[in-house]
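The structure under discussion appears below in the form of structure tokens.
Residue numbering restarts at 1 for every chain, and letters A, B, ... go by the order of the sequence lines.
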Amino acid sequence: MKSVIERVRGAIEMGLVQALGELGSDLNLESMPQVILEQPKEEAHGQWASNLALMLAKPAKRPPREVAQLIVDHFQDPSGLVREIEIAGPGFLNFHLDPAWRQLAVVEILTAGSDYGSCQVGVGKSILLEFVSANPTGPLHIGHGRGAAVGSALASILEAAGYQVTCEFYLNDAGNQINKFAQSLEVRYRQALGEESKLPEDGYHGKDLVELMEELAQRRGESLLSLPQAELQQALVDYALPIKVKAIEKDLAAFGVHFQNWFRESTLHPGAIDSAVAKLKATGQLYEEEQALWLRSTDFGDDKDRVVIRDSGVPTYLAADIAYHDDKYRRGYDKLINIWGADHHGYIVRIKAAAEALGHDPEKLAIIIVQMVNLYRGGLAVTMSKRTGELVTLSEIVEEVGPDAARFFFLMRSSESQLDFDLDLAKEQSDRNPVFYVQYAHARICSILRQAKEQGIEIPKADGEHLSILNSHEEEQLMEKLAQLPLCVGEAAQKMEPHRLAHYAQELAAQFHLFYTRCRVLGSEEELQAGRLLLISATRLVLARTLTLLGISAPERM
RNA sequence: GCGCCUGUAGCUCAGUUGGAUAGAGCACGAGACUUCUAAUCUCGGGGUCGGGGGUUCGAUUCCCUCCAGGCGCACCA
């Protein structure tokens with residue numbers, strides 16, 4: 001079921017296509033141009049606008065306004081909601097809708113309830129969304145937090161847009177970083193037992209490993225030292241890895257992020273990697289040089305060819321990733337989305353090259369790069385160093401500012417912009433803090449509805465009759481903003497840009513706060529009160545849905 | 001040196017796949033509470049859309065070039 005605003009758009013598009021069909025020879029059209037409607041930013045320009053006449057003027061060899069007039073003359077409205085078409089400016093067609101469309105939108109919201117906002121752009125299509133995918137060798141840091149917020153919000157938005165979404169965490173539980181992890185664990189274990197032992201420069205410096213090994217040392221004493229080194233390290237990894245993975249899961253859960261799949265890299269060794277390599281070999285995409293096996297990624301636009309199997313015979317990270325993506329492709333999704341940190345952007349060409357070399361369509365794989373987060377406290381940048389383990393962890397942030405503020409801050413900027421995260425502001429309970437502004441709107445509505453209930457005021461049946469009384473500017477603007485949600489969800493989904501929803505939430509909250517200041521609900525004249533109760537009920541639903549899509553709570557009291 | 005991202009109001013950022021007079025929040029200044037939560041609202045000043053070319057009816061948006069910042073450029077992940 002499409003929303004009113006979408007149905008009207010579809011109807012106008014259809015009407016325009018039909019008009020152009022009739023005008024084909026008159027306008028010298030060679031083929032049907034793409035009809036795109038946009039929402040004018042200027043209120044006076046109506047609800048939908050088209051620049052068709054401007055684009056067709058040249059091939060038609062006629063002035064744009066004349067073309068516009070021809071289109072208007074041939075336009076028939078299948079929706080019955082277009083009240084007026086105005087030719088404006090250089091030749092824009094502005095479609096003004098019957099005011100009743102707003103009431104239809106509100107009735108729709110109240111009927112759909114918490115489902116309102118969904119749309120159909122992704123119906124019948126499946127997506128595998130991979131994000132976070134952090135090494136389990138340490139805690140999640142703030143950069144992972146941004147990826148987690150963006151990924152989980154995007155998942156909700158895509159689902160609301162009709163896609164069937166699977167969220168997956170690729171767990172790097174094999175390979176070189178696990179070797180380094182093992183070495184680091186051994187050092188920490190020996191240190192915990194009082195031995196002299198030094199962490200290698202490229203080891204994991206985090207405090208978490210110190211604590212983990214101290215605990216193990218306390219429990220098992222020196223008993224493990226009698227093992228040969230390989231077995232000792234294996235034992236330490238077997239002990240530590242599940243704990244680290246659980247910690248990651250716990251941090252994510254506290255942040256409202258959940259995955260359907262945890263894909264372990266170790267399951268790719270060696271079978272899946274061998275068969276992916278064999279496949280590439282068979283098609284001539286691999287060659288041997290200096291005892292290593294190289295992928296001809298330059299054939300697909302890469303700067304240089306990449307090593308897949310080292311001269312030592314050990315596969316590179318890329319080898320596992322190729323096998324992983326081969327696996328993802330073969331699972332038959334319509335689209336694969338990866339969310340990566342900015343420091344991995346150089347990897348995009350490589351992995352797409354590998355996908356293409358394996359015979360997969362690289363266009364199916366979309367990679368969202370999430371830029372870095374700069375933390376500020378007291379107006380100063382918080383310095384972080386991966387090398388020394390001085391990272392601000394996700395759990396610290398969530399602890400400090402709460403999951404709602406953290407999520408909103410991560411989501412309010414476009415992913416491709418670097419993010420300045422002001423910890424003081426995120427904690428502040430004031431009008432400077434945008435997350436409170438939005439939640440406050442929801443709480444205010446709940447307060448009114450609560451009091452209405454206490455006073456025994458019934459909320460009437462949702463129909464146009466009660467709503468037709470709402471014709472002040474504030475009320476109309478609020479209704480129009482409510483009607484936008486399905487469009488916003490559709491755009492955010494198609495462009496894979498969750499920050500659009502965060503902006504929408506702020507705009508809607510602003511529109512409500514303005515209404516609240518100007519329009520009294522309780523105690524107004526009875527019919528007006530009835531209409532406004534319906535309006536704020538609808539507003540509450542839309543605010544709550546928007547916040548839910550972002551993974552942020554909608555409090556009833558503040 | 002090469003690649004990707006960014007450059008829009010004092011600050012942080014939006015900008016509807018090329019449109020109409022470039023927007024929001026914060027900050028600053030002036031106002032609005034005996035009434036549903038003032039964590040709110042109203043009004044105001046504020047701009048060479050990094051610079052310069054080009055494409056066209058029309059460019060913040062597309063192309064070229066230069067400048068500045070960030071991030072990458074491994075047989076690390």
Side-chain angles (χ1 to χ4, degrees), chain A residues 34 36-42 44-45 49 51 54-55 57-58 63-64 88-92 94 133-135 137 172 175-178 180 202 265 290-294 302-304 306-312 314-321 341-349 369 371-372 374 376 412-420 422 425 428-441 443-452 455 487-488 491 494-495 499-500 502-503 506-507 509-510 512-524 529 532 536 557-558:
Chain A
Q34 206 185 353
I36 298 172
L37 293 181
E38 61 171 22
Q39 296 191 290
K41 38 192 167 190
E42 198 70 40
H45 294 158
N51 64 352
L54 291 163
M55 302 205 302
K58 196 169 195 183
F92 290 102
N94 292 338
S133 297
N135 281 340
T137 51
N172 301 128
N176 203 29
Q177 77 277 8
I178 289 296
K180 283 198 287 185
D202 62 349
E265 181 190 340
E290 295 170 3
Q291 280 88 53
L293 266 184
W294 298 71
D302 201 357
D303 294 337
K304 53 173 293 203
R306 306 292 171 175
V307 171
V308 175
I309 306 291
R310 299 182 177 95
D311 53 14
S312 62
V314 176
T316 60
Y317 177 83
L318 178 62
D321 218 17
D343 53 341
H344 287 72
H345 76 262
Y347 206 75
I348 297 175
V349 176
I369 292 298
Q371 292 293 333
M372 312 205 63
N374 302 307
Y376 290 86
M412 68 184 180
R413 303 294 178 225
S414 134
S415 298
E416 55 193 20
S417 281
Q418 289 190 27
L419 177 68
D420 288 342
D422 185 335
L425 178 57
E428 206 169 295
Q429 308 215 342
S430 81
D431 54 350
R432 296 181 63 221
N433 189 339
V435 67
F436 281 94
Y437 181 81
V438 177
Q439 291 182 317
Y440 182 52
R444 267 184 153 176
I445 297 173
C446 291
S447 175
I448 300 174
L449 294 175
R450 217 161 32 232
Q451 289 176 54
Q455 294 170 28
L487 295 175
C488 191
E491 278 169 23
Q494 283 179 314
K495 299 190 170 179
H499 76 275
R500 287 169 180 276
H503 284 273
Q506 292 185 85
E507 288 164 12
F512 169 74
H513 285 309
L514 176 58
F515 161 84
Y516 182 92
T517 307
R518 299 274 176 82
C519 304
R520 176 89 199 169
V521 178
L522 299 180
S524 293
Q529 173 177 279
R532 286 179 175 170
I536 65 167
R557 295 171 199 268
M558 287 176 73

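Looking at A:Q371, its side chain has no donor and acceptor atom pair within 3.5 Å of the base of B:C71. Taking 3.5 Å as the limit, the base of B:G19 and the side chain of A:N51 contain a donor-acceptor pair of atoms between them. For A:N94 against B:A20, a side-chain-to-base donor-acceptor contact under 3.5 Å is present.
A:S447 comes within contact range of at least one nucleobase, with a heavy-atom separation under 4.0 Å. Contact annotation for A:A88: base contact, defined as any heavy-atom pair under 4.0 Å involving a base atom.
With B:U6, B:A77, B:C13 as the choices, the nucleotide that has an atom nearest any side-chain atom of A:H503 turns out to be B:C13. The side chain of A:F436 has B:A39 as its nearest neighbour among B:A39, B:C71, B:A20. Comparing atom distances between the A:K304 side chain and each of B:A74, B:U16, B:C36 picks out B:A74 as nearest. Distances were taken from every side-chain heavy atom of A:H344 (C-beta onward) to each of B:A77, B:A20, B:U6; the shortest belongs to B:A77. The side chain of A:D343 approaches B:G72 more closely than any other nucleotide in the set B:A77, B:G72, B:G70. Nearest nucleotide to the A:H513 side chain, out of B:A20, B:C41, B:A77: B:C41. Residue A:R444 has its side chain nearest to B:A38 when only B:C75, B:A38, B:U16 are considered.
Residue A:R500 places at least one side-chain N or O closer than 4.0 Å to OP1 or OP2 of B:G15. Within the 4.0 Å cut-off from OP1 or OP2 of B:A20, at least one side-chain nitrogen or oxygen of A:K41 is found. In terms of phosphate contacts, A:R432 brings a side-chain nitrogen or oxygen within less than 4.0 Å of OP1 or OP2 of B:A27. Under 4.0 angstrom from either OP1 or OP2 of B:G15 there lies at least one side-chain N or O belonging to A:H499. Contact between the side-chain N/O atoms of A:S414 and the OP1/OP2 oxygens of B:U6 is not found at any separation under 4.0 Å. Close to B:C71, at under 4.0 Å from its OP1 or OP2, lies no side-chain N or O of A:Y347. Taking 4.0 angstrom as the limit, A:K58 places a side-chain polar atom (N or O) nearer than this to OP1 or OP2 of B:C57.
For the P atom pair drawn from B:A59 and B:U21, the interatomic distance equals 11 Å after rounding to whole Å. With P as the reference atom, B:A39 and B:C33 are 15 Å apart, rounded to whole Å. When the C1' atom is used for both B:C67 and B:G53, the distance is 15 Å, rounded to whole Å. With P as the reference atom, B:G23 and B:A38 are 30 Å apart, rounded to whole Å. Nucleotides B:G50 and B:G7 have their P atoms positioned 7 Å apart, rounded to a whole Å. Nucleotides B:A9 and B:C71, compared at atom C1', are 28 Å apart to the nearest Å. Only the P atoms considered, B:C13 is 35 Å distant from B:U55, to the nearest whole Å. Nucleotides B:G15 and B:C62 place their P atoms 12 Å apart, quoted to the nearest Å.
Applying the 6.0 Å contact sphere to CD of A:Q291 captures no more than 12 heavy atoms from other residues, nucleotides or ligands.
Checking B:G72 for Watson-Crick or G-U wobble geometry (two distances, each under 3.5 Å) identifies B:C2 as its partner. Under the Watson-Crick or G-U wobble criterion, with both distances below 3.5 Å, B:A30 is paired with B:U42. Using N1 to N3 plus N6-O4 or O6-N4 for Watson-Crick, or N1-O2 and O6-N3 for G-U wobble, each under 3.5 Å, B:U56 pairs with nothing. Under the Watson-Crick or G-U wobble criterion, with both distances below 3.5 Å, B:U21 is left unpaired in every strand shown. Within the shown strands, nothing qualifies as a pairing partner of B:C49 under the Watson-Crick or G-U definition with both distances less than 3.5 Å.
Between the A:Q177 side chain and the A:N172 main chain, a donor and an acceptor come within less than 3.5 Å of each other. Checking side-chain atoms of A:R413 against main-chain N and O of A:Q418 turns up no donor-acceptor pair under 3.5 Å.
For the pair A:R444 and A:Y516, the distance from NZ or CZ to the six-membered ring centre is under 6.0 Å and the angle to the ring normal is within 45 degrees.
Glycosidic torsion of B:C33 falls within 90° of 0, placing the base in syn.
Going from atom CD of A:Q506 over to atom C1' of B:G15 covers 14 Å, rounded to whole Å.
In this structure, A:F92 counts as stacked on the base of B:A20 under the 5.5 Å centre distance and 30° plane angle limits.
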